[in-house]
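Note sheet for the following structure.
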Amino acid sequence: MSVAPNTPPLQLKVARKEEVARGIHVFELRDPAGDPLPAFTAGAHVALRTPNGLERKYSLCNDPAERERYVLAVQREAEGRGGSIALVDATQVGDLLTVSAPINDFPLPERATDFIFIAGGIGITPILAMIRRLQALPDKRFKLYYCSRSPEMTAFLNELSVPELNGKVVIHHDGGDPTRAFDFWPILEERKNRAHVLCCGPRGLMQAVRDTSGHWPSTAVHFEAFSEPERTKPDDTAIIVRLAKSGEEIEVPVGTTILEALRAHGLDVPSSCETGTCGTCRTKLLDGEADHRDLVLAEHERGNNIMICVSRARSPKLTIDR
Ligand code: FES
């Protein structure tokens with residue numbers, strides 16, 4: 001299991017498991033001896049091992065001030081690879097789960113005073129922790145736009161309906177119809193009070209927010225993916241990556257990322273999210289045309305940068321500054 005560097009995995013007890021919306025189950029995890037858990041910050045996730053041996057990442061949605069529990073929400077993905085199904089169907093209260101210490105690829109920029117949160121479906125989880133954190137801080141303003149298919153499939157409606165959040169939460173149901181998707185332009189057209197946007201949801205929603213916020217500084221728009229990006233697209237081909245410093249050329253087959261190919265070649269390359277959202281693997285692009293598949297780079301940065309955890313090439317060869 002990949003965990004926070006140098007931190008051994010935890011064995012945590014399932015203290016509560018409850019279906020809070022259709023197909024969405026909340027798990028509350030505690031130390032079996034009642035000891036405090038490693039601290040986390042809003043936006044953090046843990047990686048946990050499912051009963052069928054897969055590793056899955058889940059954002060923590062409780063108040064980061066709490067040290068006695070981690071709360072996460074699991075959507076039972078009937079079309080997935082079985083990790084969430086095993087977790088929901090084969091885990092009972094009292095079971096022990098192997099869980100990493102919290103890792104945060106989606107931190108709340110607490111220096112800001114104004115925040116626009118955009119959540120799609122189960123992407124509400126890290127944002128819920130952020131809202132809880134902001135309620136403890138003075139002079140912070142935020143508004144949440146929460147998109148989901150229907151009320152029955154919307155988790156945490158009770159928590160978001162409390163009087164303290166009056167006027168701060170907009171909930172939009174599209175019924176699964178793309179023509180009823182929320183229009184983000186009116187809220188992103190103008191950046192007021194140096195606001196930051198934090199968005200977590202399905203790829204399509206994040207892409208819509210990225211496209212609509214192209215005129216914002218890229219440092220003010222933050223994304224967290226809750227699912228792996230597609231590893232291959234139908235017209236993908238093998239590409240060559242040339243390392244400018246050594247002149248070596250590395251083949252990147254279809255289905256392998258540039259990051260994986262560099263590592264297989266013995267290179268030590270930093271990464272974190274590996275979903276094209278955190279910015280850790282940003283690499284200077286010296287030659288060739290990238291096929292950008294990330295949500296980090298602004299349009300003007302795309303000519304000479306590439307996120308090698310997800311992006312590929314439109315030209316047969318790329319030369320990178322390594
Ligand atoms: Fe996060 Fe590549 S590792 S964008």
Side-chain angles (χ1 to χ4, degrees), residues 1-5 7 40-47 55-60 100-109 118 123 125-127 196-211 213-214 216-233 236 239 241 243 250 252 255-286 288 290-314 318-322:
M1 165 175 284
S2 63
V3 297
T7 308
F40 70 97
T41 50
H45 69 268
V46 292
E55 185 186 307
R56 289 288 175 270
K57 295 176 182 175
Y58 292 101
S59 298
L60 300 177
S100 76
I103 306 158
N104 201 340
D105 291 330
F106 187 48
L108 181 67
I118 299 174
T125 47
I127 287 171
H196 280 242
V197 174
L198 293 107
C199 174
C200 182
R203 213 87 197 162
L205 175 132
M206 293 196 296
Q207 194 61 57
V209 171
R210 169 88 274 172
D211 294 346
S213 62
W216 286 52
S218 57
T219 50
V221 186
H222 314 263
F223 294 95
E224 168 99 320
F226 60 71
S227 59
E228 305 287 317
E230 277 177 311
R231 286 189 71 83
T232 53
K233 291 194 175 175
D236 280 354
I239 56 170
V241 171
L243 309 181
I250 298 171
V252 184
T256 299
T257 65
I258 297 174
L259 177 76
E260 289 166 343
L262 297 187
R263 284 187 176 154
H265 203 73
L267 292 167
D268 185 16
V269 191
S271 75
S272 187
C273 71
E274 299 188 10
T275 59
T277 53
C278 76
T280 306
C281 69
R282 179 192 288 246
T283 302
K284 278 241 162 310
L285 177 63
L286 302 177
D291 177 4
H292 294 287
R293 300 180 182 181
D294 66 278
L295 291 161
V296 177
L297 294 173
E299 206 52 48
H300 69 276
E301 299 174 308
R302 294 191 155 205
N304 52 8
N305 292 278
I306 181 168
M307 294 299 172
I308 56 173
C309 66
V310 289
S311 297
R312 293 185 69 83
R314 292 193 196 285
L318 296 177
T319 301
I320 60 172
D321 186 19
R322 283 197 67 93

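All ligand and atom numbering here is 1-based and tracks the order in the structure.
In E301, the CD atom is crowded: over 12 heavy atoms of neighbouring residues, nucleotides or ligands sit closer than 6.0 Å.
Residues satisfying the side-chain contact (heavy atoms from CB on, under 4.5 Å) test with V296, not counting sequence neighbours, are R282, D294, M307. Partners of T257 by side-chain contact (heavy atoms from CB on, under 4.5 Å), not counting sequence neighbours, listed by chain and number: R231, L259, E260. A search for side-chain hydrogen bond (donor to acceptor under 3.5 Å, both in side chains) contacts involving H222 returns H196, not counting sequence neighbours.
Of the possible polar contacts, none joining the S59 side chain to the H45 backbone as a donor-acceptor pair under 3.5 Å is found.
Counting heavy atoms from C-beta outward, K284 and I320 have side chains that stay 4.5 Å or more apart.
Protein N/O/S atoms found under 2.8 Å from atom 1 (Fe) of ligand 1: C273 SG, C278 SG.
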